[in-house]
Amino acid sequence: MPAERPIAIRPLARAELPSGAAALARWLLGKTLVRQRQDGRISGRIVETEAYVSGDASGHAFKGKTARNASLFLERGHAYVYFIYGCWFSLNISAGRAGVGTGVLLRALEPLEGFDLMVRRRPGAKLSDIARGPGRLATALGITRELDGLDLCTGRGALWLGDAVRPAGRLRRSTRIGISRETTRLLRFYEEGSPFVSGPRGR
DNA sequence: GTATGGATGTTCT
DNA sequence: GAACATCCATACT
């Protein structure tokens, strides 16, 4: 809901982030993503993530480092933004040591601040749909390639990670969505019962 | 409520 | 030329 004043959000330091995509993906649930724009601040609780682990055939880093996926090979806590299906951006967070190539896809947010700013980019969307799904999340927050490679552990700037403002609920896991390889691995994590999670009612 | 298919651009074969 | 970590409108039950 739109807050009159900014919520107090404590920035996360890199040392706090677990290393490894699966560990980071679980740990990020309940944490806060903050998008600072000219016209104000957008923030949300992370309620759904997917891990793309090292050596994972469905991960973009699988075939090695290229110009496109270079940000996945940065030390954990950096943004990897890519363009997909000709229409959408997706936001990932690198999860390993420098040079490894692993990350966490952010799939859905529960809005905390800046709902009006999100609606401006996704006219007509309901609160519960505004950042439900990776493409919608990126659109609602105005995330584009410009943010690719950004360090999210600075506590300031255009995009950064903050601590949970409310503890994460019960954690659930499932197979990942929208991939054609390594489809049986349980590397999608989400908060149980959250209406802000993508997919048909849990899974 | 679910199912289907089109749109769109970048990357890599 | 194909595949792609998706979304939305439309057409159904």
Side-chain angles (χ1 to χ4, degrees), chain A residues 20-29 33 44 46-74 76-96 100-111 118-150 152 159 161 172-191 194-203:
Chain A
L24 182 62
R26 310 173 59 116
W27 183 84
L28 281 172
L29 290 181
L33 181 68
I46 298 167
V47 295
E48 181 185 356
T49 60
E50 281 179 359
Y52 288 85
V53 300
S54 183
D56 184 342
S58 64
H60 287 187
F62 184 59
K63 291 179 182 169
K65 187 170 168 179
T66 65
R68 179 207 197 191
N69 66 20
S71 299
L72 270 181
F73 292 80
L74 297 171
R76 69 187 191 279
H78 288 81
Y80 165 48
V81 179
Y82 63 89
F83 192 61
I84 190 69
Y85 296 126
C87 317
W88 314 103
F89 289 100
S90 278
L91 173 64
N92 295 244
I93 301 178
S94 64
V100 173
T102 181
V104 174
L105 171 66
L106 298 190
R107 290 193 56 92
L109 292 184
E110 171 184 337
M118 292 193 255
V119 169
R120 208 172 289 173
R121 295 204 146 241
R122 298 202 357 96
K126 295 183 301 183
L127 178 67
S128 59
D129 276 341
I130 196 88
R132 181 171 171 274
R136 294 167 174 179
L137 185 161
T139 301
L141 269 59
I143 287 170
T144 67
R145 252 189 295 267
E146 294 169 22
L147 302 179
D148 185 42
L150 196 70
L152 304 180
L159 192 66
L161 286 169
R172 292 191 54 101
R173 64 191 304 176
S174 79
T175 54
R176 293 171 292 183
I177 294 176
I179 55 170
S180 55
R181 285 178 292 193
E182 310 249 16
T183 55
T184 61
R185 304 179 80 163
L186 297 175
L187 290 173
R188 171 174 173 255
F189 303 93
Y190 60 98
E191 188 178 54
S194 170
F196 304 98
V197 169
S198 74
R201 269 251 271 235
R203 180 157 82 94

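Just so you know, these numbers use all the heavy atoms, side chains as well, and skip hydrogens, waters and symmetry mates. None of the values given here were measured: they were computed from a predicted structure. The sequence lines fix the lettering, A, B, ..., with proteins before strands; numbering per chain opens at 1.
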- Task: Give the nucleotide from the list dA5(C), dC4(C), dC7(C) with an atom nearest to the side chain of R136(A).
- Result: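 Output: dC7(C).
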- Message: From the set dT13(B), dC7(C), dC4(C), return the single nucleotide nearest to any side-chain atom of K63(A).
- Response: dT13(B)
- Task: Tell me whether F83(A) is stacked on the nucleobase of dG9(B), counting only the six-membered base ring and applying the 5.5 Å and 30° thresholds.
- Result: no
Return the value, rounded to whole Å, for the distance between atom [atom1] of [X] and atom [atom2] of [N].
X: F62(A); N: dA5(C); atom1: CZ; atom2: P; value: 13 Å
X: I84(A); N: dC12(B); atom1: CD1; atom2: P; value: 12 Å
X: F89(A); N: dG9(B); atom1: CZ; atom2: P; value: 12 Å
X: N92(A); N: dC4(C); atom1: CG; atom2: C1'; value: 14 Å
X: R145(A); N: dG9(B); atom1: CZ; atom2: C1'; value: 9 Å
X: R121(A); N: dC8(C); atom1: CZ; atom2: P; value: 14 Å
X: R132(A); N: dC8(C); atom1: CZ; atom2: C1'; value: 13 Å
X: Y82(A); N: dA3(C); atom1: OH; atom2: C1'; value: 13 Å

- Is R68(A) salt-bridged to D148(A), going by a charged N under 4.0 Å from an acidic O? no
- Message: With a cut-off of less than 4.0 Å, is there a side-chain N or O of R107(A) near OP1 or OP2 of dT6(C)?
- Response: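 Yes, R107(A) has a side-chain N/O under 4.0 Å of OP1/OP2 on dT6(C).
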- Task: Determine: side-chain N/O of S180(A) to OP1/OP2 of dC4(C), distance under 4.0 Å, yes or no.
- Result: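 S180(A) to dC4(C) OP1/OP2: side-chain N or O found under 4.0 Å.
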- Query: Just the dot-bracket of DNA chain B, please: which string comes out with Watson-Crick or G-U pairs under 3.5 Å, [ ] for crossing, | for another strand?
  - Reply: |||||||.||||.
- Task: Assess whether ring-ring contact (aromatic ring centres under 6.0 Å, His included) is satisfied between Y82(A) and H60(A), documenting all intermediate values.
- Result: CA-CA 10 Å; Y82(A) 63 89; H60(A) 287 187; 4.5 Å; yes
Under 4.0 Å, counting only non-hydrogen atoms across every strand here, what does [X] touch: a base, just sugar-phosphate, or nothing?
X: R122(A); value: sugar-phosphate
X: I179(A); value: sugar-phosphate
X: T139(A); value: nothing
X: G86(A); value: base
X: S58(A); value: base

- Query: Do R176(A) and S58(A) meet the criterion of a side-chain donor-acceptor pair at a distance under 3.5 Å?
  - Reply: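 Yes - a donor-acceptor pair under 3.5 Å links their side chains.
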- Task: By nearest nucleotide on DNA chain B, pick out whichever of W88(A) and R68(A) is the more 5' one.
- Result: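 This one resolves to W88(A).
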- Item | Stacked cation flag R145(A) on F83(A), 6.0 angstrom / 45 deg |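 Output yes; distance and angle both within limits.
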- Does R132(A) use its side chain to pair, donor to acceptor, with the backbone of F196(A) at less than 3.5 Å?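 No, because the side chain of R132(A) does not come within donor-acceptor range (under 3.5 Å) of the backbone of F196(A).
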- Item | Straight-line distance of L152(A) CG to R76(A) CZ, nearest 0.5 Å |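 The distance works out to 13.0 Å.
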- Query: When rounded to the nearest Å, what value does the distance between P atoms of dA2(C) and dG6(B) take?
  - Reply: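 The answer is 15 Å between these two P atoms.
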- Of all heavy-atom pairs between T102(A) and A21(A), which one has the smallest distance, and what is that distance? OG1-CB, 3.2 Å
- Could you check I46(A) against L109(A) for side chain to side chain contact (heavy atoms under 4.5 Å, CB included), going step by step and ending with a plain yes or no? CA-CA 5 Å; I46(A) 298 167; L109(A) 292 184; 3.8 Å; yes
